[in-house]
A.B. asks: 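Before we start, here is the structure in question, set down as structure tokens.
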Amino acid sequence: MAMTLLEDWCRGMDVNSQRALLVWGIPVNCDEAEIEETLQAALPQVPYRVLGRMFWRKENAKAALLELTGAVDYAAIPRELPGKGGVWKVVLKPPTSDTEFLERLHLFLEREGWTVQDVARVLGFQNPAPAPGPDMPAEMLNYILDNVIQPLVESIWYKKLTLFSGRDIPGPGEETFGPWLEHTNEVLEEWQVSDVEKRRRLMESLRGPAADVIRILKTNNPAITTAECLKALKQVFGSIESSRDAQIRFLNTYQNPGEKLSAYVIRLEPLLQKVVEKGAIDKDNVNQARLEQVIAGANHSGAIRRQLWLNGAAEGPAPNLFELLVQIREEEAKEEEEEAEAALLQLGLEGHFCVMGNGDIAQS
């Protein structure tokens, strides 16, 4: 109810509800001066002005609406105030992440005595202030988002990598090499920063022997790239599986009972890519190799397996991964539809018979 009152009151006064506070539980006999004195004592760091007061019949108490007039740290606003007659309640509408970020940024700059233009100059941007004009507010907002907040987000608030040390027994919070490398490759694609910055962040995730390897390489080659660092880590800490071992593992991977053929194809794909990476299968033959192994390994999808064999025997190139999955899923959908029709038919047949009380079966 208090949040509804806050929103309705703000709507009636054309005030942004995320820039307002509702203070309620104020005793009826508390006058304007006492209310102001209590608010100033309880909210010394919160810039505000009182927009109005009212009697809230449901609570048999007064309520006051405050508008925030400056940058505010929302986390620092108390939810209860010590006041006359007991505790006064404070209700505020949680800001969106963007609004809170702008508030915190503005509050920080204000405390440090900096302006947006100062930050822009430090970051090395030319012409740090937009030219004054009738569209100044929108222009300034776009400028802040593009030239100040975005660089700050990219350079400070970024998704960090998990830890990797290369030790035989990973320490607390550390990953083994395989999962760490997979996560690292995914995150590297997300970072829209220079390769030098990527390398610095990569170094943050390394500990022990892994960090020593990159430090030695960087000493010998200060311009080493992130890709070269990962390649070196893979050579030192990655799997030592031979091309023959990878090929045997690929050729001996079969469809499991209850597993859809499409799921088997997806499970098989990383093994196939490992074989290609090891050079045991040429890239030009990867589609044919995939199709042949799917046909050979499809132990529990007879009808689809036969259809794939017939399609594979026809002239033309083997389908790529996407085309193969589409073909298989279409066949799986047909099978499921046929099974559903057969089940309904069986239920229909069973519905024509019933068991009599004496145990005899009669046709309905």
Side-chain angles (χ1 to χ4, degrees), residues 1-116 119 130 134-150 152-153 156-157 159:
M1 289 297 295
M3 180 61 72
T4 302
L5 177 60
L6 170 66
E7 293 176 341
D8 291 348
W9 200 344
C10 288
R11 189 177 295 113
M13 299 193 70
D14 295 324
V15 174
N16 183 353
S17 59
Q18 291 184 339
R19 298 287 303 162
L21 303 178
L22 177 70
V23 181
W24 63 279
I26 304 171
V28 177
N29 61 353
C30 194
D31 60 29
E32 182 178 341
E34 290 175 316
I35 293 175
E36 187 62 43
E37 182 180 351
T38 300
L39 293 176
Q40 290 179 357
L43 305 170
Q45 303 299 323
V46 179
Y48 70 90
R49 66 187 179 102
V50 178
L51 294 179
R53 289 166 293 278
M54 64 173 288
F55 173 67
W56 194 1
R57 184 180 300 276
K58 181 178 182 298
E59 298 295 333
N60 192 32
K62 287 182 178 179
L65 181 66
L66 281 57
E67 182 182 22
L68 302 174
T69 58
V72 175
D73 182 357
Y74 286 87
I77 298 177
R79 299 305 190 267
E80 294 182 344
L81 308 179
K84 182 178 179 179
V87 175
W88 299 0
K89 304 291 185 180
V90 179
V91 176
L92 68 157
K93 190 173 182 180
T96 62
S97 57
D98 291 342
T99 302
E100 187 171 14
F101 180 82
L102 287 170
E103 289 286 348
R104 288 177 176 271
L105 175 63
H106 190 275
L107 184 64
F108 170 77
L109 296 177
E110 190 176 82
R111 288 173 179 172
E112 297 297 320
W114 282 48
T115 65
V116 171
V119 175
D135 297 327
M136 181 69 172
E139 196 173 333
M140 176 60 82
L141 177 60
N142 290 333
Y143 170 80
I144 292 172
L145 291 174
D146 295 340
N147 296 322
V148 178
I149 294 180
Q150 185 63 26
L152 284 174
V153 169
I156 300 174
W157 293 282
K159 184 178 180 181

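Just so it is clear, the values below take in all heavy atoms, side chains as well, and ignore hydrogens, waters and symmetry mates.
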A.B. asks: Quick one: does Arg49's side chain get under 4.5 Å of Leu51's, heavy atoms only?
C.D. replies: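 SC-SC contact between Arg49 and Leu51 confirmed.
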A.B. asks: Does Leu43 form a side-chain contact (heavy atoms from CB on, under 4.5 Å) with Leu66? I'd like the steps, not just the answer.
C.D. replies: CA-CA 11 Å; Leu43 305 170; Leu66 281 57; 4.1 Å; yes
A.B. asks: Taking all non-hydrogen atoms of both residues, which atom of Ala41 and which atom of Pro44 are closest, and how far apart?
C.D. replies: O-CD, 3.7 Å
A.B. asks: For Ala20, which residues count as a side chain to side chain contact (heavy atoms under 4.5 Å, CB included) partner, sequence neighbours excluded?
C.D. replies: Leu6, Cys10, Val15, Leu65
A.B. asks: Is there side-chain contact between Leu22 and Leu92, with at least one heavy-atom pair below 4.5 Å?
C.D. replies: no
A.B. asks: Any side-chain heavy atom of Val91 sitting closer than 4.5 Å to one from Leu5?
C.D. replies: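 The answer is no, as the side chains (C-beta and beyond) never meet within the 4.5 Å cut-off.
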A.B. asks: Compare all side-chain heavy atoms of Leu81 with those of Arg79 and state whether any distance is below 4.5 angstrom.
C.D. replies: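 No. Closest side-chain heavy atoms not under 4.5 Å.
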A.B. asks: State, to 0.1 Å, how close Ala61 and Val28 come at their nearest heavy-atom pair, and which atoms those are.
C.D. replies: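 It is CA-CG2, 4.2 Å.
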A.B. asks: Heavy-atom distance under 4.5 Å between the side chains of Leu21 and Tyr48, does that happen here?
C.D. replies: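 When only atoms from C-beta onward are counted, Tyr48 and Leu21 do not touch, as no gap falls below 4.5 Å.
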A.B. asks: Could I get the full list of side chain to side chain contact (heavy atoms under 4.5 Å, CB included) partners for Val87, not counting sequence neighbours?
C.D. replies: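 Result, side chain to side chain contact (heavy atoms under 4.5 Å, CB included) vs Val87: Glu80.
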A.B. asks: Are any of the side-chain nitrogens in Glu32 or Arg53 under 4.0 Å away from the carboxylate oxygens of its partner?
C.D. replies: yes
A.B. asks: Could you state the interatomic distance from NZ (Lys84) to CD1 (Ile26), rounded to the nearest 0.5 Å?
C.D. replies: 11.5 Å
A.B. asks: Would you say Trp88 and Pro27 make side-chain contact, with heavy atoms under 4.5 Å?
C.D. replies: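 In short, these two side chains touch, coming nearer than 4.5 Å.
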A.B. asks: For the residue pair Glu36 and Val50, establish whether any side-chain heavy-atom pair is separated by less than 4.5 Å.
C.D. replies: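 In contact.
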A.B. asks: Can you confirm whether Glu34 is buried at CD, in the sense that more than 12 heavy atoms of other residues, nucleotides or ligands lie under 6.0 Å from that atom?
C.D. replies: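 Yes, the 6.0 Å shell around CD holds more than 12 heavy atoms from other groups.
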A.B. asks: Can you tell me how far CD of Gln40 sits from OG1 of Thr38, rounded to the nearest 0.5 angstrom?
C.D. replies: 9.5 Å
A.B. asks: Apply ring pair (Phe, Tyr, Trp, His ring centres under 6.0 Å) to Trp9 and list each qualifying residue two or more places apart in sequence or on a separate chain.
C.D. replies: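 Checked Trp9 against ring pair (Phe, Tyr, Trp, His ring centres under 6.0 Å); zero matches.
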A.B. asks: For residues Trp24 and Trp56, establish whether the separation of their ring centroids is below 6.0 Å.
C.D. replies: yes
A.B. asks: Without swapping roles, check the side chain of Arg19 against the backbone of Leu68 for a donor-acceptor pair under 3.5 Å.
C.D. replies: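 Yes; at least one donor-acceptor contact below 3.5 Å.
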